[in-house]
Undergrad: 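Okay, here's the structure, questions in a sec.
Every chain is numbered from 1 and lettered A, B, ... according to where its sequence line falls, protein lines coming before strand lines.
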Amino acid sequence: MNTDRIEAAIEAILFTMGESVPLEKIAAALEIEEEEALAAIHRLMKHYESEERGIRIIELEDSFQMCTSKDFYETLIKVAKAPKKQVLTDVLLETLSIIAYKQPITKMEIEKIRGVSSDRAVSKLVEYGLCKELGRLDAPGRPLLFGTTEDFLRTFGVQSLEELPVISEDLVEQFKDEAEMELDEELEQDVEVQV
Amino acid sequence: MNTDRIEAAIEAILFTMGESVPLEKIAAALEIEEEEALAAIHRLMKHYESEERGIRIIELEDSFQMCTSKDFYETLIKVAKAPKKQVLTDVLLETLSIIAYKQPITKMEIEKIRGVSSDRAVSKLVEYGLCKELGRLDAPGRPLLFGTTEDFLRTFGVQSLEELPVISEDLVEQFKDEAEMELDEELEQDVEVQV
Amino acid sequence: MGINVKLQVFEGPLDLLLHLIDKNKVNIYDIPIVTITEQYLDYVNQMDKEDLNVVSEFLVMAATLLDIKSKMLLPKEVNEEGEEEDPRAELVEKLLEYKLFKHMSYELKDRQMDAEGSFYKLPTIPKEVAAYKPEVNLQELVGDVTLVRLNEIFEEVLRRQEEKIDPIRSKFGKIEREEVSMAEKLVQVQDYLRKNKRFCFREMLSKNSSKVSVIVTFLVILELIKTGFVQVEQERSDADIDITVVKDPELIGELELEE
């Protein structure tokens, strides 16, 4: 490996690790002497400093770490502050409605109802603070249970979950009847031709 | 902010965030036009590439992310945990390619093309984060629509959906030609009943 | 002693068909439907019948092939422009489309291998910056979605779920696996032919015939047409098929099924 390539390799290592990496480890990965590695790191450090880059390499007791240059904290704060474009998509709303009505509910049960894996939707709802983990179900695998938060109630302007519009037994029955009727019709058609 | 400083600021943002950052957000944080931000990012990208550095910047559908140069994979797996790699079966790849090219697409349409039920394949792809639900089709039964994710772009090293290997008219023609010709020996696989 | 035969696993009927077309080195636009259908049925007959779901998907295609095969024997239908329609055209289109996506999936696989070499990093947000993490504005997020709307969405979810469950079958304690082989069906059909000389296809189906059973019965009838035991007539494409027995059903026993 020539010196340029050693520098590039060290850059890649420090970038990927994010945390501080002992010189020893760097040298071992590159299969070179620690001295040679150290010299390369120092060249790399100077390089970053002299060009006033956004990244710095710092030394911490024989370890090295890549980090953000302090000059740009202001800019980073603006990035952090920038409002994320947040939208409740159909998928999120659907998942939220299931959690609201069926809580406490596991991810597996949500998946069973929706017919598709719902990991991401649940995570997003938790991230938004509309849902939270309520504990674990006392069953094999001890799956997490999810429910809605106080923020959910506040946002929708209700005091308690009892205020959720009721899903009547009648309605559920009605759905069942409808489904059965459709099937009966299909069957009848089948039977007709068999007579 | 002069151009050098803009580049350094972008470098700091991409480094700090680690994940992909939308161009829009970068421009807003720097209080510059998106065009100007984009030009700076492109300069930065070239810079890293031409100097054969250890870091690269990749574009993912109007977002940007820093990663390591592929050249250092061998060195990096010695120090860092190998990035999680999804082993995709032929069934998953086939389903994924249909979703990628035909999105937004329902499960039913996928099944029509593949000639087999694709429930499990689609669920697996969603679970792997390569596909996601895009919403529901405004049609009877309101079936779910699926599409690919940013992770899909990253996994397949594609900048944007437009950059997917093209299904060109040529290729379609080629298939037809192939079909019209006698097929090559190499296409023949011996898959007779194996005793 | 039985021989352990291991079949290559195909992803589905189209996959199998493409393989057969490749193997026979034939033109996809001019599929020798008799040969391909024979080989296709051969494969399906050797399939593990354990998974009825998988088998039935292959059987649907078998029925399509046999349908095409029988149409090829008839005078060609003519479309509005007065051109003769090839009964295979639709299948060819499907095969070409499937082949295209299969090809693209190999391309994607290559891309994946190329893209694998990069490493990423986790966010390393300095404390000073992390302190500014914005709160989610729930009011804005929720917008004009009300509880009533949420209720409607949930009702829709319930409705969809109800529609998905087949209310009749879900009431059965357990679903018995139904073995439907061509050979068994043939014996049943032979019995039916002894008693009935002229009848409709639908008449001969028992009341609770499963999809697979209907398909297999149809396959048996097609076989009997081929071997000259019955003749069929159909007035319109959606009309029932009239079947007339023209050869002594007792001779059916000598028939060798392609199994």
Undergrad: Which answer fits I58(B), side chain, backbone, both or neither, if we ask what part of it has an atom under 4.5 Å from a heavy atom of chain C?
TA: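 Side chain only.
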
Undergrad: Search all heavy atoms of T16(B) against all heavy atoms of I125(C) and return the closest pair with its distance.
TA: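 Minimum heavy-atom separation between T16(B) and I125(C): CG2-CA, 3.7 Å.
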
Undergrad: By a 4.5 Å heavy-atom criterion (distance strictly below it), what part of K81(B) contacts chain C: side chain, backbone, both, or neither?
TA: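 For K81(B), the backbone is the part near chain C, not the side chain.
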
Undergrad: Answer with side chain, backbone, both or neither: which region of R154(B) has an atom nearer than 4.5 Å to a non-hydrogen atom of chain C?
TA: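 Contact with chain C: backbone and side chain both.
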
Undergrad: Indicate the atoms forming the closest heavy-atom contact of L14(C) with I113(B), along with that distance.
TA: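 What the structure gives for the nearest pair is CD1-O, 3.1 Å.
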
Undergrad: Once rounded to the nearest 0.5 Å, what's the spacing between atom CZ of R159(C) and atom CZ of R142(B)?
TA: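 The CZ atom of R159(C) sits 12.0 Å away from the CZ atom of R142(B).
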
Undergrad: So, are E156(C) and R136(B) salt-bridged, with charged N and O less than 4.0 Å apart?
TA: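 No, this pair does not count.
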
Undergrad: Within a radius of less than 6.0 Å around NZ of K69(C), do more than 12 heavy atoms belonging to other residues, nucleotides or ligands occur?
TA: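 Atom NZ in K69(C) is packed in, count exceeds 12.
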
Undergrad: When rounded to the nearest 0.5 angstrom, what distance separates CZ in F156(B) from CE in M113(C)?
TA: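 Going from the CZ atom of F156(B) to the CE atom of M113(C) covers 11.5 Å.
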
Undergrad: Applying side-chain hydrogen bond (donor to acceptor under 3.5 Å, both in side chains), run through E19(B) and Y120(C) and close with a yes or a no.
TA: CA-CA 8 Å; E19(B) 56 205 29; Y120(C) 297 86; over 6 Å; no

Undergrad: Go through the atoms of F15(B) and report whether side chain, backbone, both or neither lie under 4.5 Å from a heavy atom of chain C.
TA: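 F15(B) touches chain C through backbone and side-chain heavy atoms alike.
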
Undergrad: Answer yes or no: does atom NZ of K78(B) have more than 12 heavy-atom neighbours from other residues, nucleotides or ligands under 6.0 Å?
TA: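 For K78(B), atom NZ is crowded (more than 12 foreign heavy atoms under 6.0 Å).
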
Undergrad: Chain C heavy atoms under 4.5 Å from T95(B): which part of the residue, side chain, backbone, both or neither?
TA: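 For T95(B), no heavy atom lies under 4.5 Å from chain C.
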
Undergrad: With side chains defined as the heavy atoms from C-beta onward, is the minimum distance between M17(B) and P123(C) less than 4.5 Å?
TA: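 M17(B) does not reach P123(C) side chain to side chain.
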
Undergrad: Are there more than 12 heavy atoms of other residues, nucleotides or ligands under 6.0 Å from atom NZ of K94(C)?
TA: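 Enclosed: over 12 neighbouring heavy atoms sit under 6.0 Å from NZ of K94(C).
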
Undergrad: Taking atom NZ as the centre, does K124(B) end up with more than 12 heavy-atom neighbours from other residues, nucleotides or ligands that are less than 6.0 angstrom away?
TA: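 Atom NZ in K124(B) is not packed in, count stays at 12 or less.
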
Undergrad: Non-hydrogen atoms of chain C under 4.5 Å away: do they reach the side chain of Q65(B), the backbone, both or neither?
TA: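 Contact with chain C involves the side chain of Q65(B) alone.
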
Undergrad: Could you report the tightest heavy-atom contact between E163(B) and R111(C), atom names first, then the distance?
TA: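 Shortest heavy-atom separation between E163(B) and R111(C) comes out as OE1-NH1, 3.5 Å.
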
Undergrad: Within this structure, what is the CG-NZ distance for the pair L93(B) and K102(C), rounded to the nearest 0.5 Å?
TA: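 Those atoms lie 9.5 Å apart.
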
Undergrad: Please give me the minimum heavy-atom distance between A80(B) and F119(C), naming the atom from each residue.
TA: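 The answer is CB-CE2, 3.9 Å.
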
Undergrad: With a 6.0 Å cut-off (strictly less than), is the heavy-atom count around CG of D138(B), excluding the residue itself, greater than 12?
TA: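 Open: at most 12 neighbouring heavy atoms sit under 6.0 Å from CG of D138(B).
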
Undergrad: Could you grab the distance from atom CD of Q112(C) to atom CG of L96(B), nearest 0.5 Å is fine?
TA: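 Those atoms lie 9.0 Å apart.
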
Undergrad: Side-chain contact, heavy-atom cut-off 4.5 Å: V116(B) with E11(C)?
TA: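 Counting from C-beta outward, V116(B) and E11(C) never come under 4.5 Å.
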
Undergrad: Using a strict 4.0 Å threshold on nitrogen-to-oxygen distance, state whether D90(B) and K109(C) make a salt bridge.
TA: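 So D90(B) pairs with K109(C) through a salt bridge.
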
Undergrad: Are there over 12 heavy-atom neighbours, none belonging to E85(C), within less than 6.0 Å of that residue's CD?
TA: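 Yes.
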
Undergrad: Return yes if some donor-acceptor pair links the side-chain N/O of S118(C) with the main-chain N/O of T68(B) below 3.5 Å, else return no.
TA: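 Side chain of S118(C) to backbone of T68(B), a donor-acceptor pair under 3.5 Å: yes, one is there.
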
Undergrad: A quick test of your reading: do over 12 heavy atoms of other residues, nucleotides or ligands sit less than 6.0 Å from CD of Q159(B)?
TA: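 More than 12 within 6.0 Å, yes.
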
Undergrad: Other residues, nucleotides and ligands only: do more than 12 of their heavy atoms fall within 6.0 Å of CD1 on I77(B)?
TA: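 Atom CD1 in I77(B) is crowded, with more than 12 foreign heavy atoms closer than 6.0 Å.
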
